[in-house]
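What follows is one structure encoded as structure tokens, with my remarks underneath.
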Number of protein chains: 2
Amino acid sequence: MVTMENVNTHTNQNESHQTLTDKLRGVGLRATRQRLDIGSLLFSGKYRHVTAESLHDEAIAAGMKISLATIYNALNQFTDVGLLREVLVDPTRTYFDTNTSSHHHFFNIDNGHLTDIPHDEINVSCLPTLPDGQIIDGVDVLIRIKPVA
Amino acid sequence: MVTMENVNTHTNQNESHQTLTDKLRGVGLRATRQRLDIGSLLFSGKYRHVTAESLHDEAIAAGMKISLATIYNALNQFTDVGLLREVLVDPTRTYFDTNTSSHHHFFNIDNGHLTDIPHDEINVSCLPTLPDGQIIDGVDVLIRIKPVA
DNA sequence: TTTTTATTTAGAATTATTCTAAACTATTGA
DNA sequence: TCAATAGTTTAGAATAATTCTAAATAAAAA
Ligand SMILES: [Mn+2]
Ligand SMILES: [Mn+2]
Ligand SMILES: [Zn+2]
Ligand SMILES: [Zn+2]
């Protein structure tokens, strides 16, 4: 007996896989097992903020067979083609963000957690004139937060 | 013959030296030759954005005898006591800022140059509510700029 | 298929930064 | 004034994130 739930689950997996393969091919990358594995961790559901190490740990914990070098390769390639963006918050490690739209962040300096702030929830009235011959590449607002007291 | 200019220069040097010594003692640091040298580069005049390496190069070029380790020590100590602040713009190196007041930055992604934006020239209307039990430690606005075309 | 080109990965290399520990210096207080 | 004490400097080793190399492997093209 095939329930609606089962059908959906199955269908979603296929769709998900297909979507990922298309997404990778669409940016000129081969849909290798490793990239599909990484992609399934990064692009299934909610937006995420990861480091190479944290993603590698997660992949290993999920039983995926993938080297840290490949994680670095994939994160950099995904970033280069616009599937990810970097977030500068910690001088000792690079954070990657699956939300590539223009948005801002809360950074919990106590535990290193990043939280998105929708673009329209922060109004940056940018009065200063740019240096001559320069244009804006992007605007990042980082609100560092910490526990009370 | 002692001109006004000479007097002033001499006086300023003394004052400068005195000020620096006081500044260091005021934060509980001994006024060593190395810290006075570094301080003279950092705190004489306009605000500056430096890296350990750039400051070391500059010190050596100025004939100062000081190791890179001491530059790192001093920059970290100065930061710890509030004489400097760090600016996050480049994942590969740490920038230190002699302007410790609340302000923002233009970052030229082409040449790595930082330019201050006075605090009051950017209006950050922060609508989002903070996660529970958290307070704001600081707000950083970074405007990445690049050459036209 | 066979060939070509891209990808993965172990391990070495790189690089910014920190650490160690011994020599040196500033400060203290007799 | 001068030893005692505590802080500072620094060469060189260590660390740690990231990148590189090159050989094996897998995907795409022919
Ligand atoms: Mn990159
Ligand atoms: Mn520090
Ligand atoms: Zn984000
Ligand atoms: Zn500044």
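It should be emphasised that the depicted structure is a prediction, and the values quoted were computed from it without experimental measurement. So you know, we letter chains A, B, ... as the sequences are listed, proteins then strands, and number each from 1. Computed from heavy atoms alone, side chains included, the values below leave out hydrogens, waters and symmetry copies.
- Closest to the side chain of A:Leu29, out of C:dT9, C:dT7, D:dT18, is C:dT7.
- Taking only side-chain atoms of B:Tyr72, from C-beta outward, the nucleotide of C:dT18, D:dT10, C:dT9 with the closest atom is C:dT18.
- For the pair A:Ile71 CD1 and D:dT19 C1', the interatomic distance rounds to 15 Å; values are reported in whole Å.
- Each of B:Gln77 and A:Thr32 lies near DNA chain D, and the nucleotide nearest B:Gln77 is the one positioned closer to the 5' end.
- If you measure from atom NZ of A:Lys65 to atom P of C:dT7, you get 18 Å, rounded to the nearest angstrom.
- Of the side-chain N and O atoms in B:Thr94, one or more sit less than 4.0 angstrom from OP1 or OP2 of C:dT17.
- Taking side-chain N and O atoms only, A:Arg35 has no distance below 4.0 Å to OP1 or OP2 of C:dA6.
- In this structure, B:Thr51 reaches neither bases nor backbone, as no heavy-atom distance under 4.0 Å exists between it and the strands shown.
- What separates CG of A:Leu88 from P of D:dT18 is a distance of 11 Å, to the nearest Å.
- The base of C:dT5 lies close enough to the side chain of A:Arg30 for a donor and an acceptor atom to sit less than 3.5 Å apart.
- Close to C:dT25, at under 4.0 Å from its OP1 or OP2, lies no side-chain N or O of B:Gln34.
- Checking the phosphate oxygens (OP1, OP2) of C:dT9, a side-chain nitrogen or oxygen of A:Ser67 falls inside 4.0 Å.
- At distances below 3.5 Å, at least one donor-acceptor pair connects side-chain atoms of B:Arg85 with backbone N or O atoms of B:Ser101.
- Distances shown here put every side-chain N or O of B:Thr92 at or beyond 4.0 Å from the OP1 or OP2 atom of C:dA16.
- Using bins of under 30°, 30° to 60° and over 60° for the plane-to-plane angle, the ring pair A:His103/A:His49 lands in the tilted bin.
- One can place CD of A:Glu86 at 16 Å from P of D:dA17, the figure rounded to the nearest angstrom.
- Taking the six-membered ring where tryptophan is involved, the planes of B:Tyr95 and B:Phe107 are perpendicular, since the angle between them exceeds 60° and thus also 30°.
- You'll find the side chain of B:Met64 reaches within 4.5 Å of the side chain of B:Ser40, heavy atoms only.
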Next item on the list: Check the pair A:Asp140 / A:His104 against side chain to side chain donor-acceptor pair (under 3.5 Å), numbers first and verdict last.
Entry: CA-CA 6 Å; A:Asp140 295 318; A:His104 307 294; 5.3 Å; no
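- Atom CG of B:Leu68 is separated from atom C1' of C:dT15 by 12 Å (rounded to the nearest Å).
- If you take CG of B:Leu75 and P of D:dT10, they are 14 Å apart, rounded to a whole angstrom.
- The side chain of B:Arg93 places no N or O atom within less than 4.0 Å of a non-bridging phosphate oxygen (OP1 or OP2) of C:dT15.
- Of all heavy-atom pairs spanning B:Leu42 and B:Leu75, the tightest one is CD1-CD2, 4.2 Å.
- When each of D:dA11, C:dT9, D:dA28 is scored by its nearest atom to the side-chain atoms of B:Ala69, the top-ranked nucleotide is D:dA11.
- Distance from the side chain of B:Arg33 is smallest to D:dT10 among D:dT18, C:dT8, D:dT10.
- The CG-P distance, from B:Leu55 to C:dA16, rounds to 15 Å in whole Å.
- Phosphate contact (OP1/OP2 of D:dT9, side-chain N/O of B:Asn73, threshold under 4.0 Å): absent.
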